[in-house]
Structure formats: structure tokens, C-alpha cells
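To keep things clear, I will list the structure first and then write my remarks on it.
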Amino acid sequence: MQMKKSLSKKERLKSRKQIDKLFKEGLRLNVPLLRAFYVVRPFSVSERSVRLQFGVGASSRTFKRAVDRNRIKRLGREAWRLQKEPFFLQLEELNKALDVFIIYTGKELPDYQQMYASVAEVIKKIGGKLK
RNA sequence: GCUACCGGUUGGGUUAUCGCUCCGUUUUGCGGGGAGGAAAGUCUGGACAGCGCAGGGCAAUGCACCGGUGAAGAGCCGGGUAUCGGGUUCCGGGUCAAAAACCCGGGAUUCGAUAACAGAAAGUGCCACAGAAAAUUACAGCCCCGGGUCUUGCCCGGGGUGAUGGUGAAAACGUGAGGUAAGAGCUCACGACUAUGCCUGGCAACAGGCAUAGGGGGUAAACCUUGCAUGCUGAAAUGCCACGUAUACCAUCGGCUGAAGGCGGCUCGCCUGAGCCCCGGCUUUUCGGCCGGGGUCCGAUGGAGGGUAGGCAGAUUGAUCCGCCGGGUAACCGGCAGGACAGAUAAAUGAUAACCAUUCACCGAAAGGUGGAAACAGAAUCCGGCUUACAGACCGGUAGCAAGU
RNA sequence: CGGGACGUAGCGCAGCCCGGUAGCGCACUUGCAUGGGGUGCAAGGGGUCGCUAGUUCGAAUCUAGUCGUCCCGA
């Protein structure tokens, strides 16, 4: 596929139903600063499902101001966008689809470097478990 | 000039690479738009939508000097009044031998700030402690009368008094004179205040003047009274489409008698019999019997329950903003031509790098170099306001300090 | 997006309506009782009443603004 570094609407988790299901049935994974929920689905071309869907969020309990929550989500999306490519290839090989949702669990506003490193770790761990 | 405080305006820019969202065109490229002055708090006023609605009253809530403005308002503008602060000037007093200066008090005028600014003379309540008394009150004191006692005096009883005393946040108009047994707005003069009437100025609030009457503590962000305003709900409103489920149950109404005797409106309640009808199996020559399964109403509206959690409309161009001209003290209004104006929905507006502005620290004689800092904060139906948060820069005002004229 | 409640001692709460003394239980400190501890008894300390203004002579209480915590509505 082209545009390997993009992250359009289709590749983001948008449906409330799907996200609720993910929290309820998905597997959980903790790394410093982040908590990830993920679930592996069988992939079929006929129904227009997407191989890899992603979402990110932060608790409004710990981050009261909307500016800070927006900032965390933007940094999270950016880090995911730049690092998801090898992941995608692995899924294609296995013919599976994957949903991932990341929640920021730190208490203070992160900078880009921290976020990038944490997301990299999440991808590494999930990638290991897929095998 | 510096520092502090207050008010107002503004709320960094350019480029490259990789992305996000909407629109357009074409087709997988290109072009264009993409957070705020507060988007915030949700304190207010509307628009819009659904439901409700004969008329009147009560209740509840909100507002409260006057005029203007506006769709409306607890907004804004102008004016009035009150309080506070400053300046100028005048008068009186104190300090001093005297003047100046300084301090205190008052008047006039001017500048600025603040005000939930109707009513305490409709009624009710409250005013701790202290004090005689906190609003029809007498503790001490003062004065009068009667009685007791030998008189001054003292004691007992009755009465008058709001001047004296100390208390308190607050003590029953102020000053002077008359008056009295002692006293008191008890009376009088002047002054202050309140109410009413008239005159003058003003659209009005109100101000000034004259006359008459009055003696009344405070508190309405205590209850309350008066006047005015307000139907309720709130985009999760509301309309449509798709998906999906159960009319099992209750109420009202209509149709309808059927494969079945009638009613209750559909399996045991009654007449009358644990009934009747259909299908299948077994048995029987048939009638019949036994076993198993199914049926014994349909529809509309509302309630209640269950299901769905997707899409479209609402929904982004409007009481809009910028510019010029005109009117108005101003808020604001009118006219003109051109331009500008996001639309997401687990929710776009971002990341990295460089440079230029702003500013701080250090190095340097300078040019310059090195390293930092940059606030408050993120649209969610849309507007008008209010309130709160805010780095730096610029403008204005006030106060202090330093220097000069 | 729209409603509502609560901030008082280390902890859990009362007082607020209708203004004047801040109180209760547990905990803490000291003493008594016991050989010691627990239990019990007696005494004591500890408070910007979330914060900032206003009304009032006077505010935990009334009013306004503000900060924080929690809850409810598909």
C-alpha cells in the first residue's frame, strides 16, 4: 500500500461500540506511562474492514484542561503514525487484523521523545505476542 | 528616567519535510479554508425547536434613581443623588513673640473612583456581652407631696423627670435663650432632617426657593410591602431513513363471529359436560378409544417493556466583522461599495528542523557570539452581554524615588 | 451538553434555615488503676470553618465571585 505514514479516519477507532467491546474483551498490556488494549481479529477483504485500527486517550481525572488532553492525543497519534509500518507488514503476513487503544497513565504532560519511546515499546511487545 | 499599581489595545512571523480535517475540481494529483479574546465559568438575555395555553387570582423566581440604546437583558451610554479620595481657593482654631510653614475643622469649586441606589412614617421579628433602658424604658441621681423621728439629716410610701452618670457598634435632633419644684421641643430663635403643597429650571430623576406639618435608633444581602417582568423543557430539543426486537402484559376504542353452542371477550368461571377444532401415530371391520403436537381472534391509540447507539437534516452567512461617509455628548443608528467568515463527532487545526523579530543572562571596548524564555488557554446549535484567567510589547492615568529647568 | 450536592480538629460528622459561646465520636498527650499490656476512669492539647470580596456593630452562618471534590441524566 501507498502512504505508509498516513493515519486517516479509516485507520482510527471511531465506533463507540467497537471501543467498548475492545475494553471489555481485549487483552491488556502495561508499559511505563501507557496502558494498551488490543484484540486480534480475522481479516476478510469482502467486508470493508481495516487491517490496523488505532485510538488514543487520556483521563480527564488527571488532566483537567482540554488543552492537555488534546496535546497527549496528538503526540500519541504522531508517534503511532511514524512507527506502525513494520507492524502492518507482519499482520499482512499472518492475514489478521488488529485493534489497539492506548491510554496515557502518566501524571504529567509528556514531551514528544517520551511518547515516541513508550509507543515504540508497546509496538515491540504486541509484535512479540503475535508470534 | 526608573519602580509599583490601575485601565485599555495586541495576543509573533516566514520557509522546508512528513501528516490531519472540510470544500472544490479532477482523478489519485492539484487548489483553497481550518480555534479564542476569553473558545472557559455556565452567571444572564434571546434566536430556534417540541409540548402546553378561555379569562382572572394566588404562589414561586428575578429585577428596582431617571432618561436613552437595543431583538432582549442583572448589559451598555448619558444624567442625578450619596459616600470616599485628591487638587485649587476662602474662613475659623491650634503650635509660635509674630509671619511663613505645618496640623485640625468647615464652606465653595473642580477632577477621579465606588454604589444589589424603591420602602424602616403598613405590620412582625432581631439588636449577644455591657448597660437603668436597645424603643412606650427610671438603676443611681435630682425635685415635689404625705407619714415617722427632737431639728440638720435619715427612713418608709406615693408621684414627677430623660438634663447628669457610666456602658455600648448604636442612647431618643444640634446651639443659644426662656421656662420650671426639678426638668424636658415644653416654648421661642437660628440651623439640620423628613413629609406634603405651590413656584422656577429640567423630558425625568432631581436641584433651588417659599409655606405648612412633624419628632421618627439600626437592620429589608431578616420576614415582608409596593411596582414591573416571567408558561414549561433544552440540540441527548426536534424531524426523517436504515438496522433490530416481542405487543408477553395493562387501559380505551373499533371490527369480528369461527375450523368451534352462548356469555364473560377465549382452557375451566357459569349455563353444561376438565369442552371443542385441526394434524400425525397406534389400535379397531366401522363407530370409537389411547398417545403426541398445534390452534381456540384481528386491528388502532396510549402506558409499560424490549430493541437500536448507525446515517441525514437541525448545523454553521448571521440582530456578523472590517473600511469609508453622515447623524448623535455617548452607547448606538443609517447609508455606500468591496472584502472576510472553521465545522470535527473517541471529536481535525499537529510533529520535526532552520531563520527572522521580542526579551533575559553571560562573554566582549564595539561589531557580534553563546545559552535560555515566550502567558492564559482548545470550538461542539448559534448570537448579545457579564464574570474570571493571562507572559511579553505598546498607549494612558495615579503614587513614590532620583536628576534637571 | 445539561442538572445537583458537599468543603468545619489527623479521620468521620453536627452547628448554618432564624447571624453573637465552634461542638460530638474515634484518634493523640498526661495521670490513676495493673507485675506489664488491653479495657476502664479522670484531665488536657489541637481549628485561616476551602479561598477572596461585600452587607452588618458583629459572618462558619446572609450575598456575590472563585477554587476543589463527588454524584446524576442517552
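Chain A is the first sequence line, chain B the second, and so forth, proteins listed ahead of strands; every chain is numbered from 1.
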Select base, sugar-phosphate, or nothing to describe what [X] touches, counting heavy atoms under 4.0 Å on all strands.
X     : result
A:R74 : base
A:R69 : nothing
A:I19 : base

Exercise. So, A:N70 side chain and A:K73 main chain: donor-acceptor pair closer than 3.5 Å or not?
Worked result: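 Here the side-chain-to-backbone pair does not exist.
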For this session: In whole angstrom, give me the gap between the P atoms of B:rU381 and B:rG303.
Result: 28 Å
Please determine, for the side chain of [X], which listed nucleotide ([options]) has the closest atom?
X      : options                  : result
A:K64  : C:rG68, B:rG378, B:rA346 : C:rG68
A:N70  : B:rA35, B:rA347, B:rU21  : B:rA35
A:V67  : B:rG378, B:rU349, B:rC20 : B:rG378
A:R12  : B:rC18, B:rU349, B:rU21  : B:rU21
A:E78  : B:rU345, B:rC18, B:rG378 : B:rC18
A:A66  : B:rC20, B:rA379, B:rC22  : B:rA379
A:F101 : B:rU21, B:rG378, B:rA346 : B:rA346

Exercise. Is a donor-acceptor contact shorter than 3.5 angstrom present between the side chain of A:R81 and the base of B:rC18?
Worked result: yes
Problem set entry | Shortest non-hydrogen contact from A:Q83 toward A:P86 |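 Looking at all heavy atoms of both residues, the shortest contact is O-CD, 3.5 Å.
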For this session: Measure the distance from CD on A:Q53 to C1' on B:rA346 and round it to the nearest whole Å.
Result: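 In whole Å, B:rA346 C1' lies 12 Å from A:Q53 CD.
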For this session: Check whether the ring centres of A:F37 and A:F101 lie less than 6.0 Å apart, and answer yes or no.
Result: no
